[in-house]
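Down below is the structure, laid out as structure tokens.
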Amino acid sequence: APRYPRYTREEVGRHRTPQDRVWVTHGTDVFDVTDFVELHPGGADKILLAAGGALEPFWALYAVHSQPHVLELLREYKVGELSPEEAPPAAAATGDPFAGDPPRHPGLRVNSQKPFNAEPPAELLAERFLTPNELFFTRNHLPVPAVDPGSYRLRVEGPGGRALSLSLPELRSRFPKHEVTATLQCAGNRRAEMSQVRPVKGLPWDIGAISTARWGGARLRDVLLHAGFEEEREGEWHVCFEGLDADAGGAPYGASIPYGRAVSPAADVLLAYEMNGEELPRDHGFPVRVVVPGVVGARSVKWLRRVAVSPAESPSHWQQNDYKGFSPCVDWDTVDYKTAPAIQELPVQSAITHPRPGAAVPAGELTVKGYAWSGGGRPVVRVDVSLDGGRTWRVARLAGERPPPERAWAWVLWELQAPVAAGAELEIVCKAVDGSYNVQPDSVAPIWNLRGVLSNAWHRVRVSVRD
Ligand code: HEM
Ligand code: MTE
């Protein structure tokens, strides 16, 4: 057998672009696939996501690769082997509160490592209606708690000082399992576009702080009724949630939703223990999280430890002093959090996932793809796409089935084909319309706010058409 040169993972990692050559590993073999990139049936953009690292985490998402002819093809590009002393990266140092965080998929675009905040790359975001768990965006404010499922108990404060303490098997067996397909979106999705108008405070999310899963769990309604609450409660009441993750001062992550939404059978609020048919991954709230469809992600509390009904909203910082919208005239000297309501239902949203900004697309038929979604269960009824900055419009084709009225919890993926001429400079724009005829604002400046939340202006992508 031929002897191949040995490389470290670090050396492989230096080959991420066609200019530097595109290297990947599979098992302990190293391949230079630069010449295959343009030939890849799945597209050059996708293969480049794995450049400089291991193929396995990506191939695990696309089963087409588990055929013998794919490995045979790969073998032609072998240029080396990993050094035998190459071990998986050493476990994190002691004293780091994030040392116990779970491993993550290398394809995620990381906005902050500690706490972990990451989004799927736009190239993979809307490839599938259900986002694979490994790629689902992650928004953590604190280290991921290590929960022993055997000793886990969910505390539900009932009326009159009574409380329920539910183990995981009790939550699974005492309440019917209910499944809901719902999109979660962070209030900060598309914040990066807002910072281009004026700086804002927050993580620079691109268009990927949004993902969709099929969630399975007990209905919050069933658990509350079991704890002794009635369907109707006079006056103003809120259902407050606390997570097992706590800050340095011991304050847990918390949030609340109005009582009416929590007990409404039509609102589909879940205490979820399953995500896309698997147990919840640690980053997404193992073993139990709240899923509030149609509502900002911040209320879907992960690693849920306590549920309580209160006349006031959650006292948590994240309910009281964050995740609120303000006028563009409000700055950090004048902001008064008490004057604005906490964000619950989100406004209508859409974005272009393909092509990417700055791309050079071939002349001929161009396919534009993206997602659209609205809060409160309002369906997306139309997506308009322009190739000339908004002067003329076409209507995109919406994929998927029509959702039940008022329960459109999941995004729609859309597509538009249009002829484009060589040499043209295109400004592709998309905007969605929801079932209440809510539309997206045409520009960012009038909705700019100091925290960079609720960024839902028309999405604009400039590309050039190759000669
Ligand atoms: C399809 C090879 C990396 C995504 C394919 C096919 C081959 C191939 C031969 C066609 C399979 C068939 O239909 O029988 C490779 C090789 C890779 C690589 C040699 C690395 C050196 C990747 C990566 C991704 C990816 C990193 C995703 C991030 C896809 C997709 C298809 C595909 C989505 C399906 C295309 C379609 O059917 O429309 N790949 N691939 N591939 N690949 Fe890859
Ligand atoms: N729950 C806990 N306990 N801790 C958190 O940091 N982040 C919230 C929410 N629930 C958070 C939480 C925010 S802001 C969002 S957008 C969603 O979880 C993100 O859920 P995901 O990470 O599963 O995508």
Side-chain angles (χ1 to χ4, degrees), residues 22-26 31-37 39-51 53-78 105-107 115-121 123-124 127-128 131-133 135-145 183-189 202-203 205 208-213 215 241-247 252-255 272 275 280-286 288-292 295-305 316 318-319 322-323 343 346 453:
V22 177
W23 287 16
V24 292
T25 66
H26 188 266
F31 305 90
D32 178 343
V33 294
T34 316
D35 298 331
F36 179 69
V37 168
L39 308 173
H40 178 228
D45 57 341
K46 295 219 178 48
I47 202 167
L48 288 174
L49 293 170
L55 283 173
E56 287 89 338
F58 296 91
W59 281 8
L61 298 170
Y62 294 97
V64 286
H65 300 99
S66 55
Q67 308 178 67
H69 78 265
V70 178
L71 274 182
E72 262 163 51
L73 183 157
L74 188 62
R75 212 168 297 141
E76 292 172 33
Y77 298 96
K78 180 162 170 178
H105 196 281
F116 191 71
N117 287 284
E119 60 189 293
E123 290 82 354
L124 301 183
E127 281 289 292
R128 301 196 186 159
T131 316
N133 289 356
L135 291 182
F136 201 98
F137 86 95
T138 299
R139 204 301 174 228
N140 294 343
H141 292 84
L142 297 158
V144 176
T183 295
L184 287 189
Q185 183 182 210
C186 187
N189 191 29
L203 298 163
W205 295 105
I210 182 167
S211 300
T212 300
W215 307 95
F241 310 115
E242 278 176 17
L244 285 157
D245 49 339
D247 67 17
Y253 183 89
M275 182 175 180
L280 276 184
R282 287 189 60 209
D283 265 329
H284 301 292
F286 177 80
V288 178
R289 80 173 300 168
V290 185
V291 172
V292 192
V295 160
V296 66
R299 312 300 166 221
S300 289
V301 174
K302 306 191 274 190
W303 314 290
L304 185 64
R305 75 168 190 200
S316 161
W318 291 282
Q319 186 82 19
D322 205 353
Y323 298 115
I343 301 168
L346 283 172
V453 292

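Remember, it's 1-based here, ligands and their atoms both numbered in the order they're listed. Counting begins at 1 with the first residue of the sequence.
Contacts between W303 and ligand 2, counted as non-hydrogen atom pairs separated by less than 4.0 Å, involve the side chain only. Of the heavy atoms in H69, only side-chain atoms (C-beta onward) come closer than 4.0 Å to ligand 1. At a heavy-atom distance under 4.0 Å, no atom of L61 approaches ligand 1.
Across all non-hydrogen atoms, the minimal contact from P106 to F58 is CG-CE1, 4.0 Å. Nearest approach of L61 to H105, heavy atoms of both residues: CD1-NE2, 3.8 Å. Pairing each heavy atom of E123 with each of K46, the nearest pair is O-CE, 3.7 Å.
Between F137 and W205, the ring-plane angle classifies as perpendicular under the 30° and 60° cut-offs. F36 and Y77 have tilted rings, their planes meeting at an angle from 30° to 60° on a 0 to 90° scale.
Which parts of ligand 2 touch F136 is read off a 4.0 Å heavy-atom cut-off, strictly below it: atoms 24 (O). For ligand 1, the atoms sitting less than 4.0 Å from at least one non-hydrogen atom of A50 are 26 (C), numbered in the order shown with element in parentheses. Per-residue contacts place V64 under 4.0 angstrom from the following atoms of ligand 1 (heavy atoms of the residue considered): 1 (C), 31 (C), 32 (C). Less than 4.0 angstrom separates some heavy atom of V301 from each of these atoms of ligand 2: 1 (N), 3 (N), 10 (N). Residue contact check: L74 has heavy atoms under 4.0 Å from atoms 21 (C) of ligand 1. With ligand atoms numbered from 1 in the order given, ligand 2 contributes 5 (C), 6 (O), 7 (N), 11 (C), 14 (S) to contacts under 4.0 Å with heavy atoms of H141. Taking a cut-off of under 4.0 Å to the non-hydrogen atoms of V33, the atoms of ligand 1 that pass are 21 (C). Ligand 2 places these atoms under 4.0 Å from at least one heavy atom of T138: 22 (O). Atom numbering of ligand 2 starts at 1 in the shown order; those under 4.0 Å from a heavy atom of C186 are 16 (S). Distances below 4.0 Å separate heavy atoms of H284 from the following atoms of ligand 2: 21 (P), 22 (O), 23 (O), 24 (O).
Among the atoms of N140, none of the N or O lies under 3.5 angstrom from an N or O of ligand 2.
Protein heavy atom at the shortest distance from atom 14 (S) of ligand 2 is Y323 OH, 3.1 Å. Of all protein heavy atoms, the one closest to atom 17 (C) of ligand 2 is G297 O, 3.4 Å. Scanning all protein heavy atoms for the shortest distance to atom 7 (N) of ligand 2 gives R139 O, 3.2 Å. Protein heavy atom in closest approach to atom 4 (N) of ligand 2: D245 OD2, 2.7 Å. With hydrogens left out, the protein atom closest to atom 20 (C) of ligand 1 is L55 CD2, 3.4 Å, a heavy atom. Shortest contact from atom 13 (O) of ligand 1 to any protein heavy atom: Q67 NE2, 4.4 Å. Here the protein heavy atom with the shortest distance to atom 22 (O) of ligand 2 is K302 NZ, 2.5 Å. Taking atom 18 (C) of ligand 1 as the reference point, the nearest protein heavy-atom neighbour is W59 NE1, 3.3 Å. Counting only heavy atoms of the protein, atom 10 (N) of ligand 2 lies nearest to S300 O, 3.0 Å. Looking only at protein heavy atoms, the nearest one to atom 10 (C) of ligand 1 is P41 CG, 3.5 Å. Counting only heavy atoms of the protein, atom 30 (C) of ligand 1 lies nearest to G42 CA, 3.8 Å. At the top of the distance list for atom 13 (C) of ligand 2, counting protein heavy atoms only, stands A298 CA, 3.6 Å. With respect to atom 23 (C) of ligand 1, the closest heavy atom belonging to the protein is K46 O, 3.9 Å. Protein heavy atom closest to atom 19 (C) of ligand 1, with residue, atom name and distance, is F36 CE2, 3.4 Å. Remark: minimum distance from atom 18 (O) of ligand 2 to any protein heavy atom is reached at R289 NH2, 3.4 Å.
In this structure, T131 contributes its side chain and T212 its backbone to a donor-acceptor pair below 3.5 Å. The backbone N or O of G297 lies less than 3.5 Å from no partner atom in the side chain of Y323, so there is not a single donor-acceptor pair. Side chain of H284 to backbone of P281: no donor-acceptor contact under 3.5 angstrom is found. Under the 3.5 Å distance criterion, the side-chain polar atoms of D32 are left unmatched by any main-chain donor or acceptor of W23. A donor-acceptor pair is defined here as one N or O able to donate and one able to accept, closer than 3.5 Å; no such pair exists between the side chain of K302 and the backbone of Y253. Looking at R289, its side chain never comes within 3.5 Å of a backbone N or O of G243 through a donor-acceptor pair. When atom types are taken as modelled, the side chain of N133 and the backbone of M275 share a donor-acceptor pair closer than 3.5 angstrom.
The shell of residues lying under 4.0 angstrom from ligand 2, judged by heavy atoms, excludes W318.
In this structure, atom 37 (O) of ligand 1 has no protein heavy-atom contact shorter than 4.0 Å.
Here the CD atom belonging to E119 is positioned 11.5 Å from the CG atom belonging to L135, to the nearest 0.5 angstrom.
For the pair NE2 of H65 and NE2 of H40, the angle whose vertex sits at atom 43 (Fe) of ligand 1 is 180° to 10 degrees.
Cation-pi contact between R128 and F136: absent, since separation from the ring centre below 6.0 Å together with deviation from the ring axis within 45° is not met.
Salt-bridge formation is detected for the pair R305/E242: a Lys NZ or Arg NE/NH1/NH2 atom is positioned less than 4.0 Å from an Asp or Glu carboxylate oxygen.
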